[in-house]
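Every heavy atom of this structure was used, including side-chain atoms; hydrogens, water molecules and symmetry mates were not. Residue numbers run from 1 in the order of the sequence given.
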Amino acid sequence: MLGEVQRVADRIGVVRQGRLIAVERLQELAAKSLHRVRGELHRGGLGRDFSGIPGVRDLVVGDRTMTCNAPQQALDVLLKRVSSRAVDDFECAESELEDTFLAYYGTGGNDAG
């Protein structure tokens, strides 16, 4: 139902276990949304170049491929690390607002102040 919420609301409150844990403007929540990133190199050799980038989640690095979920502020670093080699394919798509919303339920985030 978040599609409907996006059409009619400008702020969203997130409730977890009966407690309000966040109240954010829709634009701010969307700015925190994760992007699904996938890169494929022409030749192998990705190695461990992608570990340690702040905010990157679900990182999987193979010899020729890298996939992860990343916030907007990590995209520049990710793209530069991938593009330092010969790239066959690169995809980056913003996650749905619903995925961002559900991320609140997967973390032990602070209660709203």
**Q.** Considering all heavy atoms, the nearest P71-G55 contact
**A.** CD-O, 3.1 Å
Q. For the atom pair CD1 (I53) and SG (C68), what is the distance rounded to the nearest 0.5 Å?
A. 7.0 Å
Q | Distance-minimising heavy-atom pair for A70 and V37 | A | CB-CG2, 4.5 Å
Q. With R38, which residues qualify under side chain to side chain contact (heavy atoms under 4.5 Å, CB included), at least two apart?
A. E40, T67, D89, E91
(Q) Going by side-chain contact (heavy atoms from CB on, under 4.5 Å), M66 matches just one of L41, L59, V60. Which one? (A) L59
**Q.** Closest non-hydrogen atom pair, E94 against R36
**A.** O-NH1, 4.5 Å
Q: Go through the structure and list residues passing side chain to side chain donor-acceptor pair (under 3.5 Å) with D10, not counting sequence neighbours.
A: none
**Q.** Pairing residues for D88 by the salt bridge (Lys or Arg N to Asp or Glu O under 4.0 Å) criterion, not counting sequence neighbours
**A.** R64
